[in-house]
Amino acid sequence: MSDDKTTHFGFRQVPADEKANLVREVFDSVAGKYDLMNDLMSFGVHRIWKRIAVQLSNVRYGQRVLDLAGGTGDMTLLYQGRVGDRGEIVLADINAAMLRQGRDRLIDEGLGNNIRYVQVNAEKLPFGTAAFDCVCIAFGLRNVTHKDAALASIFRVLKPGGRAIILEFSQPRGEVVRKTYDFYSFKVLPLLGRMIAKDGDSYRYLAESIRMHPNQEKLKKMMETAGFERCDYFNLTQGIVAIHRGYKF
Ligand SMILES: C[S@@+](CC[C@H](N)C(=O)[O-])C[C@H]1O[C@@H](n2cnc3c(N)ncnc32)[C@H](O)[C@@H]1O
């Protein structure tokens with residue numbers, strides 16, 4: 001349980017105003033090995049999850065997309081092809097090290113004319129009302145201290161008819177999947193983290209933070225409370241991951 005003054009950081013209860021710093025330390029530490037670790041941990045399947053999320057967003061040529069908590073830019077890269085040179089993507093993240101990795105990578109790929117980079121906190125987005133056709137947040141919401149504030153902020157910056165896409169770890173379906181997944185995430189992931197990123201603790205936080213994140217139904221209700229309509233979700237890989245989608249009308 002969390003009250004107003006405390007919240008969870010993985011399984012630990014911490015003062016709410018300290019969580020952002022603790023999360024920052026995690027991503028400062030893993031930024032350099034983030035992409036490699038994603039491929040190793042998910043056997044490359046995160047690329048498929050991300051493609052499906054982009055498809056479900058229905059983003060079209062010429063639209064404006066906010067890739068929130070965008071980190072090293074996987075989603076930006078996918079959206080870039082869709083919005084074309086008449087559209088725009090804003091890659092936004094609270095963490096300077098992750099944003100730098102994303103910017104360097106996208107520039108190295110020869111992209112950039114329609115991409116902007118902004119350091120922001122998802123809870124207080126510094127954009128005008130009704131600025132985006134789509135806001136996506138992939139594997140980011142779990143790390144945000146005040147998720148309700150982030151959802152309200154996302155809702156505000158969407159245009160009428162715009163949609164939010166939340167790609168996040170969720171609650172797996174079925175006892176066998178759950179047990180296998182628990183073993184993998186609490187035993188194998190921290191070991192991989194120690195070996196590759198030289199940081200087992202950050203990958204233990206990953207496993208713990210997933211368990212503390214609201215499940216599919218709870219997140220859907222949170223979106224509805226924030227004002228989103230026609231909310232639904234799509235389970236991927238037996239619910240290990242879910243994509244939530246909601247509209248602003
Ligand atoms: C697991 S990474 C996901 C990166 C990318 N979206 C992806 O799917 O590969 C989570 C990102 O959320 C960012 N983040 C955490 N808290 C945030 C907040 N309050 N506002 C914006 N970004 C945040 C972190 O800095 C990190 O880059």
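We count ligands from 1, going down the list as the structure has it; atoms in each ligand are counted the same way. The first residue of the sequence shown is numbered 1, and numbering continues consecutively from there. On a predicted model such as this, the values are computed, not experimentally measured, just so you know.
At the top of the distance list for atom 24 (C) of ligand 1, counting protein heavy atoms only, stands D93 OD1, 3.5 Å. For atom 12 (O) of ligand 1, the closest heavy atom belonging to the protein is A69 CB, 3.3 Å.
With a heavy-atom cut-off of 4.0 Å, F139 touches ligand 1 through backbone and side chain alike. Contact annotation for V120 and ligand 1: only backbone heavy atoms (N, CA, C, O) come within less than 4.0 Å of the ligand.
Shown here for F155 and G227, the closest heavy-atom pair between the two residues is CE1-O, 3.1 Å.
In the displayed structure, N113 atom CG is contacted under 6.0 Å by at most 12 heavy atoms of other residues, nucleotides or ligands. Crowding of F183 atom CZ: a count of heavy atoms from other residues, nucleotides or ligands under 6.0 Å not exceeding 12. At most 12 heavy atoms of other shown residues, nucleotides or ligands fall within 6.0 angstrom of atom CZ in R47.
Geometrically, ligand 1 and E123 share no nitrogen or oxygen pair separated by less than 3.5 Å. Any N or O atom pair closer than 3.5 Å counts here, and N121 shares at least one such pair with ligand 1. Between A122 and ligand 1, at least one N/O pair is under 3.5 Å apart. For ligand 1, the polar-atom distance check finds no N/O of F27 at less than 3.5 Å from any of the ligand's N/O atoms. Looking at A138 next to ligand 1, an N or O pair under 3.5 Å apart turns up. The distance criterion of under 3.5 Å between nitrogen or oxygen atoms is met by Y34 with respect to ligand 1.
For the residue pair Y203 and S185, no side-chain donor N or O sits within less than 3.5 Å of a side-chain acceptor on the partner. In this model, no donor atom of one side chain and acceptor atom of the other lie less than 3.5 Å apart for Q238 and Y181.
Residue contact check: M98 has heavy atoms under 4.0 Å from atoms 27 (O) of ligand 1. Ligand-side atoms of ligand 1 in range of K50: 7 (C), 8 (O), 9 (O), range being under 4.0 angstrom from any heavy atom.
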Review point. Which is it for L68 and L125 under the side chain to side chain contact (heavy atoms under 4.5 Å, CB included) test, yes or no, and what are the steps along the way?
Key: CA-CA 10 Å; L68 185 54; L125 293 174; 3.7 Å; yes
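Between the choices I94, L68, T76, N143, the shortest heavy-atom distance to atom 22 (N) of ligand 1 belongs to I94.
Below 30°, between 30° and 60°, or above 60°: for F139 and W49 the angle between ring planes is between 30° and 60°, a tilted geometry.
R163 forms no cation-pi arrangement with Y247, by the criterion of a distance under 6.0 Å to the ring centre and an angle within 45° of the ring axis.
Look at T72 and you'll find every heavy atom at least 4.0 Å from all atoms of ligand 1.
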